[in-house]
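Remarks on the structure that follows.
Chain letters run A, B, ... following the sequence lines, proteins first, then strands; residues in each count from 1. These numbers were taken from a predicted model, which means no experiment stands behind them.
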Protein chains: 2
Amino acid sequence: MANAPHPLDIATQLEPVGTGRFRGRTLDDYWNMVGQLGGLTNAQLIRAVLDDPRCKGAPVAQTVNFCGAMTQGEFEIECKLARSGKTTQHWSLSLTQGENVIATGSVVTASRQPTWSKQFAEAPSAPPPETLAPFEFEGFMAWPKRIDFRFVEGAFELHEPAAKVVKSPRSLVWLQHQPARAVDFVSLATLIDVFFLRIAQIRGYIVPMGTVTLTSYFHATEQELRAYGSAYLLGVADARLCRDSWGDQTCELWAPDGRLLASGTQLAWYRE
Amino acid sequence: MANAPHPLDIATQLEPVGTGRFRGRTLDDYWNMVGQLGGLTNAQLIRAVLDDPRCKGAPVAQTVNFCGAMTQGEFEIECKLARSGKTTQHWSLSLTQGENVIATGSVVTASRQPTWSKQFAEAPSAPPPETLAPFEFEGFMAWPKRIDFRFVEGAFELHEPAAKVVKSPRSLVWLQHQPARAVDFVSLATLIDVFFLRIAQIRGYIVPMGTVTLTSYFHATEQELRAYGSAYLLGVADARLCRDSWGDQTCELWAPDGRLLASGTQLAWYRE
């Protein structure tokens, strides 16, 4: 049992079915209100690029556009290598189920060369994850049970709509997979989208809503990520605005040593 | 002469050459070190979507990946409508010159419905643009002469590399086109990428560098934008890190009344 594959590895396992074409299968563990966790789609798409034998270098940037809800079962990913240069490759991606385009996107893979480097942003201060209570998710979706959340600030709480709550959009939370899993690009691509949608965070109840586009930047090499083992990462999510059915989110994933591993932004639709 | 077209309108003028296909031409006014201003590519791609008769609603999000340098002359844009729903359309875009893919990208267009709304982010405070000196750009590129920069903080300055300068990555600057031009999506798509690359801002000299991917979110309707006339917008750019040949940037464009009109993020390659 010790070597049983992790649910995230089962959910991102792809079978090559041609040049730049892969087949995968949804896993109920990551099911959302409608369709699957967007972060899993993000992870499946990055997995496809990493599995493509043409891939040189490691992911530095990824954008995924969520066009329609995934249904349970098989899906296909197509990776087109739009341009391949000396240091950078540009991939155009689509994820389909039959005739339905579920997601489109792009990934940039590249080599990292040692240069003058400096991190300007600083990790938020937070007590160690082991000192914080695990979060008990009250909703009906499956995927939050696959994440070990240790909230420092801005825990997701459900209130009665009549309470007319308006909370800060900011959350600070240690994150790990449940069960724990190594830090790698597939993990980062998932964790960058496990912050509950900011409109629900702010109002404290579930309204019709969904992420429409998600952009992730990765700031470390595979080897650097591996050094973190299965450490908790410190996630911070915030929003600038919710306006006329569209709201944004910014987020960061920090290593325990204060190094920024990934940053992201997303735009979500909502109705309230 | 009063009605002479604005250089930005000349540079973004497209001729339809088939369903979802448009032909344009570079304009020397927006030439960069190599190729054209990335923000202009952003603007040309959004123009193509806006010109496409299938387009419903207005842009809410755009990602452009810069695959190769533009050369002077004609280019072609292809817009594929990946999915068209009740409130949202997903567009996959490419800009080519002959066989060369210069840029790929995606745009989400959507309707905006009145909902509960709140802006959490606040506009940085800044003295009015008229009280600030216009910025005199010392470099050789053409495009900065097409922008009226009124720096409040973090003006772009060139130093000797030997000075080993390390400045803050933050810039705060009022922006308008030169000559002045109305605020619309084409203008926002351009202005979101007129912040000098942060690595050059930080070190104070020009190194080999280029934006590789740019994501822009638009937070207003066309009608709301029109109300600002040709007002200066307050731009803020910052960075979280420069690490091993990759650096990020975040930015915002604020209306004079404190309303956030657009936000963006980009990842740039550099060598130093």
[atom2] on [Y] to [atom1] on [X], rounded to 0.5 Å:
| X | Y | atom1 | atom2 | answer |
| --- | --- | --- | --- | --- |
| B/Glu222 | B/Phe185 | CD | CZ | 6.0 Å |
| A/Leu197 | A/Ile206 | CG | CD1 | 8.5 Å |
| B/Thr96 | B/Glu78 | OG1 | CD | 7.5 Å |
| A/Trp246 | B/Gln113 | CH2 | CD | 10.5 Å |
| A/Leu50 | A/Leu45 | CG | CG | 11.0 Å |

Which bit of [X] comes within less than 4.5 Å of chain B, counting heavy atoms only: side chain, backbone, both or neither?
| X | value |
| --- | --- |
| A/Val101 | both |
| A/Glu122 | neither |
| A/Tyr270 | both |
| A/Asp238 | neither |
| A/Ala82 | both |
| A/Thr63 | side chain |
| A/Asn65 | both |
| A/Gln62 | neither |
| A/Ser84 | neither |
| A/His219 | both |
| A/Arg170 | neither |
| A/Arg83 | side chain |
| A/Thr104 | side chain |

Can you give the donor-acceptor pairs under 3.5 Å from side chains of residues 157-165 of chain B to other protein atoms, not counting sequence neighbours?
from, atom 1, to, atom 2, distance (Å)
B/Glu157, OE1, B/Lys167, NZ, 3.3

| Contact origin within B/Val207 toward chain A - heavy atom pairs under 4.5 Å |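 Neither part; nothing is under 4.5 Å.
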| Contact origin within B/Val60 toward chain A - heavy atom pairs under 4.5 Å |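 Interface part for B/Val60: both.
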Quick one: of [options], who has the most non-hydrogen atom pairs under 4.5 Å with chain A?
| options | value |
| --- | --- |
| B/Gly247, B/Ser111, B/Ser245 | B/Ser245 |
| B/Ala220, B/Pro169, B/Ser92 | B/Pro169 |
| B/Val166, B/Asp248, B/Thr88 | B/Val166 |

Going by atom types only, do [X] and [Y] share a side-chain donor-acceptor pair under 3.5 Å?
| X | Y | value |
| --- | --- | --- |
| B/Glu272 | A/Thr115 | no |
| A/Ser106 | A/Trp91 | no |
| A/Thr26 | A/Gln36 | no |
| A/Arg198 | A/Ser171 | yes |
| A/Gln97 | A/Glu76 | no |

| Is the Lys NZ or Arg CZ of A/Arg259 less than 6.0 Å from the centre of A/Trp254's six-membered ring, within 45° of the axis? |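 Ring-cation test returns no.
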| query | Given the rule in the side-chain hydrogen bond (donor to acceptor under 3.5 Å, both in side chains) test, do A/Asn42 and A/Ser216 qualify, once you have shown the distances and angles that lead to the verdict? | reply | CA-CA 9 Å; A/Asn42 213 33; A/Ser216 319; 3.3 Å; yes
Looking at [options], which makes the most heavy-atom pairs under 4.5 Å with chain B?
| options | result |
| --- | --- |
| A/Asp244, A/Thr265, A/Leu241 | A/Asp244 |
| A/Arg203, A/Gln119, A/Arg271, A/Gln89 | A/Arg203 |
| A/Ser94, A/Ala239, A/Cys242 | A/Cys242 |
| A/Arg112, A/His90, A/Arg243 | A/Arg243 |
| A/Pro114, A/Ala61, A/Ser263, A/Ala110 | A/Ser263 |

| message | Could you check whether any side-chain heavy atom of B/Ile46 comes within less than 4.5 Å of a side-chain heavy atom of B/Phe218, counting everything from C-beta outward? | response |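 The answer is yes, as the side chains (C-beta and beyond) meet within the 4.5 Å cut-off.
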